[in-house]
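In what follows, a single structure is set out as structure tokens and then discussed.
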Amino acid sequence: MITSLNTDLSFLNEKQHEAVVSEEKRLLVLAGAGSGKTKTLLQKIIYLIDEKGVSPSNILAITFTKNATNEMIDRLIISADSSGNYEKFLLNKRLSKENKEKERYYQQKKFKWIDSLTIRTFHSFCYSILRNYGVNEFDNKFRIIGDEKKNDEDVLSKHVAPETVFEVIHKLLIEECNDTGYLIQLKRYILDYIIDKIHLKKDHPGYLPKDGKYFTTLDGTKVRSKSEQFIADWLYRHNIKYEYEPLLNIKDFSFHPDFYIPEANLYIEHVSDKSYSIKNKEEQFHKGNLLLVKTFENMTKDSALFNHILDNIVKSRLPSNYQKTIHLSFKEEFNGYHEDVKDFVQQIMRITDMIKVENIQTDCVLQKARNDQHERVRIFYELAIPILNKYISYCINKSYLDFNDLISRTTSLFTNHRDIANKYRNKYQYILVDEFQDVNSLQVELIKLLITEKTQLFCVGDDWQSIYGFRGSNVNYIVEFEKHFKNAKVIKLNLNYRSTQNIVEASNEVIKYNKYKIDKDLKASKRSEHKIVVFAGGSEDENIRFCADKVNELLEEGLKNDDILFLYRRSKMFSPYFNHFRKEGIKVQAKTIHASKGLEAKVVFIIGLTEGNGGFPDIWLEDRIFQIIKKANHDLLLEEERRLFYVAITRAKDKLFLITEKGNESGFLKEIPEIFTVRSSIPMKSVIEKVVLCENCFSQLENLWVVCPYCGHKRQN
């Protein structure tokens, strides 16, 4: 046993102590914000080694980020370093990240018990399994393919693919466009739904151009209807030159026929129920002895029939030596549309990630999409799924794994090869999972494959802080922990050591509005000296000025820049603040709320607390395209936004400023009882001028009059 460690548990509170010494095989520690969850998890590791005699090599601690892994290792080294030098070393802000990583590595090797522990991110853990034992499942010389060619994720960075996911999918898309049919369908989709946005036409009349030419043809011509677009595209595909709405004057008046085909000396008028009568035009064509052919809207309902009609109308009138074939190339067809192609590729990347996280077969996704009521959604998946399938095959062929593949391939390895699974089940008798509220389906499946009846599973998390649903995390796994892990026990850490009473109780009141949660009664260990300040400026400039003045006051009071943290829902909210602060020389920690998870500061400003689009809550049901894979629920999205607000509030230790706009306050602010807040704003000037009346005869007086000229009464005020 290691006797040099401090095994005194008296500094733990009752619930922390219960969690550390618990012998339960399935334990969830529900750790409220600021309740010391990391300390509890680390103390559990130390307790197992120091008191229970567990070999460090039998302990697995899983985290979500490399930073969380490093923080765990740092705290363990500090606990073992009796000299205190390592803690001082970490606090030295002049040292580079590289220097700290080297020292961490050295100290980890120095303390063998720490080095024998397995503390890894999900991805790093799976990487090592596949690299060492995954040869029967996948090429163990695989490389990691991601959004970037370089990666800082420790061992993962040594074997990064020479191309990114985007580059591969883009390359495969170009290859697929060697098929002319696919190329035309892709261009048609991009023109219709990414550029023209024809699916929004009815809902947003402002999209309609004044000349009525809304639809873009394959050669870039703007036409008035989908049917005219069909005709123009047919002519383009068959290499037939045409003029759209040429000016024509035969005898009596000028007009614009729909199409003129010079090589056939043929005019085409497309007649729909919205068309004006063309009787007068027909008379002019007759007088000029010019060839006019009419097509009708009901013909377009059957595209094969319409193709056949156009074939009969046009081709028979072309010269016998007319060049009928056309070679279409990706480069030429998408010249000028590269950003739009990029959007399409990124959508494929997004659905690829979602399909892998949700563990759905691509055939099932395509079938579901084909049954969707919207043409746009159906066409997208008809175009995307072949590329996605080719991407999966390409990665297998090149021995590439992306981050989701690392987990899914590991679960497949454990499922198909019991000998490998048993090796890890026997090795890790104690499995600790941090930030359990952020797990997705793949990660839970992996955990279930790692544990046996004898394994102690110790999960730490807070359902109130589950904010990564957009990445695939599922709050259900922590809320219904006992359903997913039978015979489980839940211990709630409900004492907040970080924030003052007003902040803690205000955050409790806000989260009460969520229905899908585990109830916790969080208490504060610190009393409140200040109420939460809600400032409602009449404009953004007033808000910026207020914040700048407050920051300067706080700095004059002795606070440091690192003691002050600005938080916002989306990055663009902070841009005007940043520009103003830079001019004033204010230097102020600033992060999105998602990026602030795990941070704390003495003073926190939350800006952009307005209602509606671009405010907070910012509920975005996303494109219907993604609903094919995973349905969005407005109420659940609102609850995640509220959890995000909860996370933001609980970053504050002492003072909290909530910045909104007068008359446009976020609904979240109304959920904080007034007892915890003080409201502040710059008063607006009255639109009614003050009227001065004589106290004696009640006649109206001028402001400068001292005596009433009507009754002689001297003014009192």
Shortest non-hydrogen pair, Leu567 vs Thr592, comes out as CD2-O, 4.3 Å
Classify the ring geometry between Trp464 and Tyr646 as parallel (under 30°), tilted (30 to 60°) or perpendicular (over 60°).
perpendicular
Could you tell me which residues satisfy side chain to side chain contact (heavy atoms under 4.5 Å, CB included) with Thr118, sequence neighbours excluded, listed by chain and number?
Leu60, Arg120, Phe125, Tyr428
Of all residues at least two apart in sequence or in a different chain, which pass the ring-ring contact (aromatic ring centres under 6.0 Å, His included) check with Phe546?
Phe535
Which residues satisfy the side chain to side chain donor-acceptor pair (under 3.5 Å) test with Gln346, sequence neighbours excluded?
none
Determine, stepwise, if the pair Phe616 / Leu644 fulfils side-chain contact (heavy atoms from CB on, under 4.5 Å).
CA-CA 10 Å; Phe616 187 22; Leu644 195 59; 4.1 Å; yes
The criterion is ring-ring contact (aromatic ring centres under 6.0 Å, His included); which residues satisfy it with Phe626, sequence neighbours excluded?
none
Pairs meeting criterion salt bridge (Lys or Arg N to Asp or Glu O under 4.0 Å) with involvement of residues 82-92, two or more places apart:
none
Residues forming a side chain to side chain donor-acceptor pair (under 3.5 Å) with Asp81, sequence neighbours excluded:
Ser83
For Glu661, give me all partners under side chain to side chain donor-acceptor pair (under 3.5 Å), at least two apart in sequence or on another chain.
none
Look only at the side chain of Asn508 and the backbone of Leu522, and say whether a donor-acceptor pair between them is shorter than 3.5 Å.
yes
Below 4.0 angstrom, N of the basic side chain to O of the carboxylate: do Lys526 and Asp654 qualify?
yes
Mind checking side chain to side chain donor-acceptor pair (under 3.5 Å) for Glu103 and listing every partner two or more places apart, or none if nothing turns up?
Gln107
Pair Tyr468 and Phe64, ring centroids less than 6.0 Å apart:
no
Asn543 to Gly537 - nearest heavy-atom pair and separation
OD1-N, 3.0 Å
Given Ile73, Leu90, Asn85, the one that forms side-chain contact (heavy atoms from CB on, under 4.5 Å) with Ile78
Leu90
Checking Lys630 now: which residues fulfil side chain to side chain contact (heavy atoms under 4.5 Å, CB included) with it, not counting sequence neighbours?
Met354, Glu358
In the structure I gave you, are the side-chain heavy atoms of Lys550 and Cys547 within less than 4.5 Å of one another anywhere?
no
Hey, could you give me the NE2/CZ distance between His594 and Arg471, rounded to the nearest 0.5 Å?
7.5 Å
Mind running salt bridge (Lys or Arg N to Asp or Glu O under 4.0 Å) on Lys655 and Glu529 for me, showing each step along the way?
CA-CA 9 Å; Lys655 292 183 179 179; Glu529 294 181 23; over 6 Å; no
Where the side chain of Glu640 meets the backbone of Gly469, is there a donor-acceptor pair that is under 3.5 Å apart?
yes
Give, for atom NZ of Lys531 and atom CZ of Arg679, the distance between the pair rounded to the nearest 0.5 Å.
11.5 Å
Within the distance-only criterion (no hydrogens, no angle test), does the side chain of Ser528 pair as donor or acceptor with the backbone N or O of Gln501 below 3.5 angstrom?
yes
Do Ser22 side-chain atoms and Ala19 backbone N/O form a donor-acceptor pair below 3.5 Å?
no
Any chance you could lay out the salt bridge (Lys or Arg N to Asp or Glu O under 4.0 Å) test for Glu98 and Lys102, step after step, and finish with the verdict?
CA-CA 6 Å; Glu98 289 74 21; Lys102 286 180 182 177; over 6 Å; no
Does the salt bridge (Lys or Arg N to Asp or Glu O under 4.0 Å) test come out yes or no for Lys662 and Glu542, once each step is laid out?
CA-CA 11 Å; Lys662 193 171 291 184; Glu542 282 186 10; 5.8 Å; no
With a 3.5 Å distance limit and no angle check, can you tell me whether Arg651 reaches the backbone of Leu599 through a side-chain donor-acceptor pair?
yes
Walk me through it: do Arg545 and Asp549 pass the test salt bridge (Lys or Arg N to Asp or Glu O under 4.0 Å)?
CA-CA 6 Å; Arg545 182 73 264 155; Asp549 291 343; 2.9 Å; yes
With sequence neighbours left out, write down each residue that passes ring-ring contact (aromatic ring centres under 6.0 Å, His included) with Phe485, or none if nothing qualifies.
Phe481
Glu509 side chain to Ala506 main-chain N or O, any donor-acceptor pair under 3.5 Å?
no
With sequence neighbours excluded, give me every side-chain hydrogen bond (donor to acceptor under 3.5 Å, both in side chains) pair touching residues 608-618.
Arg570-Asp618
Go through Asp353 and Asn404 one step at a time and tell me if the side chain to side chain donor-acceptor pair (under 3.5 Å) criterion holds.
CA-CA 7 Å; Asp353 194 54; Asn404 287 315; 2.4 Å; yes
Under the 3.5 angstrom rule, does the side chain of Asn496 hit a backbone N or O of Ala33 as a donor-acceptor pair?
yes
Is the backbone N or O of Leu609 less than 3.5 Å from a side-chain atom of Glu665, with the two atoms forming a donor-acceptor pair by type?
no
Heavy-atom donor-acceptor pair, Glu639 side chain to Lys515 backbone, under 3.5 Å:
yes
Set of residues satisfying ring-ring contact (aromatic ring centres under 6.0 Å, His included) with respect to Tyr568, sequence neighbours excluded:
Phe574
